[in-house]
Amino acid sequence: MSKSILIIGAGFSGAVIGRELAEAGHKVHIKDKRTHIAGNCHTQRDSETDVMLHVYGPHIFHTSDEEVWTYINRYGTFKDYKNRVKTTSGDKVYSLPVNLHTINQFYNKTLRPDEARAFIEDIADKSITEPRNFEEQALKFIGPDLYRAFFRGYTLKQWGLDPKQLPASILKRLPVRFNYDDNYFTHRFQGIPEQGYTPIVAALLDHPNISVELGVEITRAEMATYDHSFWSGPLDAYFSYNLGRLEYRTLDFEKFTYEGDYQGCAVMNYGDEDVAYTRITEHKHFAPWESHDGSVCYREYSRRCTEDDVPYYPVRLVEDKALLEKYIDQAEAEQNITFVGRLGTYRYLDMDVTIREALDCARRFLAQADNGNKFDTFSVDPR
Ligand code: UDP
């Protein structure tokens with residue numbers, strides 16, 4: 001039987017769930033308080049230079065999930081793109097992620113892979129067997145010099161916390177390589193949509209059973225008029241923050257233009273603590289298949305997310321997780337609603353994982369839609 005479905009949020013989570021349910025014959029209405037679709041993946045051309053801007057910071061699609069890759073490629077053309085990040089530390093520029101070139105540059109050496117491995121093993125802290133935090137993880141794998149040059153300052157700026165207070169898992173996102181491979185990601189498929197992400201989300205939403213309303217807030221009374229809702233906004237926002245706020249980091253972007261090529265690459269990180277920004281991104285380099293004389297760059301500053309800011313990175317320290325538990329309890333008591341995505345489940349998600357979870361959630365919903373049981377409160381356990 002066809003159901004009336006409300007989806008709050010027109011990002012990847014909402015668009016994928018909406019699409020799957022619409023194709024199965026359900027009537028889907030999507031609302032977003034922003035005036036554009038695609039959430040934080042939103043892209044638009046700069047009016048002055050025509051450069052494609054990643055408005056909420058760079059998004060590079062990378063995945064080893066072949067089904068997700070095939071799925072998303074149905075809605076737009078992806079161009080091959082390899083993320084090659086550089087970092088400035090002191091008065092030098094180095095290659096990231098830490099690889100043989102970085103090690104040789106940093107130590108002014110000409111080590112071969114085996115020599116570099118032995119060299120790093122020698123300076124790494126062997127007393128750490130089970131790293132309990134970010135700092136220990138770094139000291140164990142790369143030793144104190146590289147940690148201080150590339151990770152300590154950057155992480156302090158990015159998270160506003162001493163790396164000793166952060167989980168080791170954050171650093172585990174980054175590889176250390178004893179060869180000259182400087183591809184930031186290790187996934188099988190990698191690319192950026194030729195025309196940006198917004199047309200991809202528009203294509204997902206382009207279905208006769210989907211209607212979209214932008215620039216509007218939602219009320220509980222309105223939600224109650226639908227058979228089921230999917231909420232991809234912040235979990236605590238749904239409850240009007242009645243237990244307090246889950247901690248997020250937000251980003252400030254300082255935009256500037258340049259005639260020509262400002263930095264010669266898409267992403268330049270800044271490892272030093274006394275440089276206030278974490279990185280500069282030059283957006284025309286995210287579309288190397290285009291050519292532009294003018295250039296648009298963003299200096300990126302991270303800070304604590306307050307009421308009026310856009311939430312980016314969930315902090316998820318011990319006290320945040322305790323508060324999260326309480327919100328989970330409240331959420332479980334709700335009827336006919338499922339919390340989805342990065343904000344709805346308070347987890348840091350890459351785009352491919354967001355799409356995978358949305359697909360799985362929609363499929364479970366379709367399989368269970370008529371069995372009379374309460375559908376899952378969360379697309380994935382937020383813990
Ligand atoms: N990081 C760092 N220096 C760098 C790049 C990353 O210290 O030059 C740390 C930082 O704490 C960051 C984490 O490694 O949050 C994960 O890096 P990634 O590039 O995955 O950052 P994200 O995509 O989450 O912004």
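Each ligand, and each atom within it, is numbered from 1 in the order the structure gives. Bear in mind that the values here come from a model prediction, so they are computed numbers and not experimental data.
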Under the side chain to side chain donor-acceptor pair (under 3.5 Å) rule, what pairs show up with a residue in residues 117-128, not counting sequence neighbours? Asp125-Ser127
Ring-face cation of Arg299 near Phe256 (centre distance under 6.0 Å, axis angle within 45°):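 Judged by the rule (NZ or CZ under 6.0 Å from the ring centre, within 45° of its axis), Arg299 counts as positioned above Phe256.
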Check for me whether Arg220 meets the cation-pi criterion with Tyr238, that is, NZ or CZ under 6.0 Å from the six-membered ring centre and within 45 degrees of the ring axis.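 Relative to the ring axis of Tyr238, which defines the angle, Arg220 lies inside both limits.
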Under a 4.0 Å heavy-atom cut-off, what residues line ligand 1? Leu96, Phe134, Phe150, Phe151, Tyr154, Thr155, Gln158, Trp159, Ile170, Arg173, Leu174, Tyr184, Asn269, Tyr313, Tyr348
Once side chain to side chain contact (heavy atoms under 4.5 Å, CB included) is applied, do any residues pair with Phe189, and if so which ones, sequence neighbours excluded? Thr63, Glu66, Trp69
Could you give the side-chain donor-acceptor pairs of residues 195-206 under 3.5 Å, partners two or more places apart or in another chain?
| residue | atom | partner | partner atom | Å |
| --- | --- | --- | --- | --- |
| Gln195 | OE1 | Arg45 | NH2 | 3.3 |
| Tyr197 | OH | His59 | O | 2.7 |
| Tyr197 | OH | Phe61 | N | 3.3 |
| Thr198 | OG1 | His42 | ND1 | 2.8 |
| Thr198 | OG1 | Thr43 | N | 2.9 |
| Thr198 | OG1 | Thr43 | O | 3.2 |

Between Asp32 and Arg34 (side chain of the first, backbone of the second, donor and acceptor by atom type, cut-off under 3.5 Å), is there such a pair?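 Yes: the side chain of Asp32 pairs with the backbone of Arg34.
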